[in-house]
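Numbers restart at 1 for each chain; the letters A, B, ... are given by sequence-line order, proteins then strands.
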Amino acid sequence: MNRFQAKFDPRVWEVVANIPAGQVMAYGEIARAAGFPRYSRMVGASMGRCPDALPWFRVVRSDRTLAFEYGSESYREQSQLLKQEGILFDGKKVITADTDDNLDKMLWGPSD
DNA sequence: CCCTTGACTATCT
DNA sequence: GAGATAGCCAAGG
């Protein structure tokens, strides 16, 4: 087991694994959904060592840009995978079916 | 124990 | 809208 399994990870794993295809989620959103409101950086740190099974490419920044440097190899890999999921790009930003807050409701139900 | 670093975020200029 | 700042938590040197 790698460092991914440290402390809070199991929930993060679940949340990330449950991101629907064609949708993306921000680090902070994942952290919050997993029950760790301020752990966006920890999520990112863990994602860096995540197993292949995790759909890491569905994880983006809060502004919906990719976390990698624009044009880098990782960036292109992620963008390509996202495109395969049907996600389009608006320059550096990904375009999803809607905003990420509806994803929150998809996962946890319309609580409001 | 102090400092740096990191797939972050919100806020201010 | 882009760049700079401050807050944030954990891990490693």
Take atom [atom1] of [X] and atom [atom2] of [N], then tell me their distance rounded to the nearest Å.
{"X": "A:Arg38", "N": "B:dG6", "atom1": "CZ", "atom2": "P", "result": "23 Å"}
{"X": "A:Arg49", "N": "B:dA7", "atom1": "CZ", "atom2": "C1'", "result": "10 Å"}
{"X": "A:Tyr70", "N": "C:dA2", "atom1": "OH", "atom2": "C1'", "result": "16 Å"}
{"X": "A:Arg76", "N": "B:dA7", "atom1": "CZ", "atom2": "C1'", "result": "17 Å"}
{"X": "A:Lys92", "N": "C:dG1", "atom1": "NZ", "atom2": "P", "result": "13 Å"}
{"X": "A:Glu69", "N": "B:dA7", "atom1": "CD", "atom2": "P", "result": "12 Å"}
{"X": "A:Tyr39", "N": "B:dA10", "atom1": "OH", "atom2": "C1'", "result": "19 Å"}
{"X": "A:Arg61", "N": "C:dA2", "atom1": "CZ", "atom2": "P", "result": "13 Å"}

Using atom P in both nucleotides, what's the gap between C:dG7 and B:dA7 to the nearest angstrom?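 Nearest-Å result for C:dG7 against B:dA7 at atom P: 22 Å.
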Dump the intermediate steps for side chain to side chain contact (heavy atoms under 4.5 Å, CB included) on A:Tyr75 and A:Glu69, then the final yes or no. CA-CA 6 Å; A:Tyr75 185 100; A:Glu69 183 186 358; over 6 Å; no
Options C:dC9, B:dT9, B:dA7, nucleotide nearest the side-chain atoms of A:Met42: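 Nearest listed nucleotide: C:dC9.
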Relative to the ring of A:Trp56, is the ring of A:Phe68 parallel (under 30°), tilted (30 to 60°) or perpendicular (over 60°)?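 Geometry flag for A:Trp56 against A:Phe68: perpendicular rings.
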At less than 4.0 Å, is any side-chain N or O atom of A:Ser62 found next to OP1 or OP2 of B:dA10? Yes or no. yes
A:Val24 and its side chain to side chain contact (heavy atoms under 4.5 Å, CB included) partner, picked from A:Leu82, A:Ile19, A:Val59: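 Output: one option passes, namely A:Leu82.
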Considering the options A:Val16, A:Val43, A:Val60, which one meets the side chain to side chain contact (heavy atoms under 4.5 Å, CB included) requirement together with A:Tyr27? A:Val43
Using a cut-off of 4.0 Å on non-hydrogen atoms, how would the nucleic acid contact of A:Gly48 be classed: base, sugar-phosphate, or nothing?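 Since a base atom lies under 4.0 Å of A:Gly48, the category is base.
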Under 4.0 Å, heavy atoms only, any strand: does A:Tyr27 hit a base, just the sugar-phosphate, or nothing? base
Should A:Arg32 and A:Glu29 count as an ion pair when the cut-off is N to O under 4.0 Å?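 A salt bridge is present here (some side-chain N lies under 4.0 Å from a carboxylate O).
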Should the side chain of A:Arg41 and the base of C:dC8 be counted as holding a donor-acceptor pair, with the cut-off at 3.5 Å?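 Yes.
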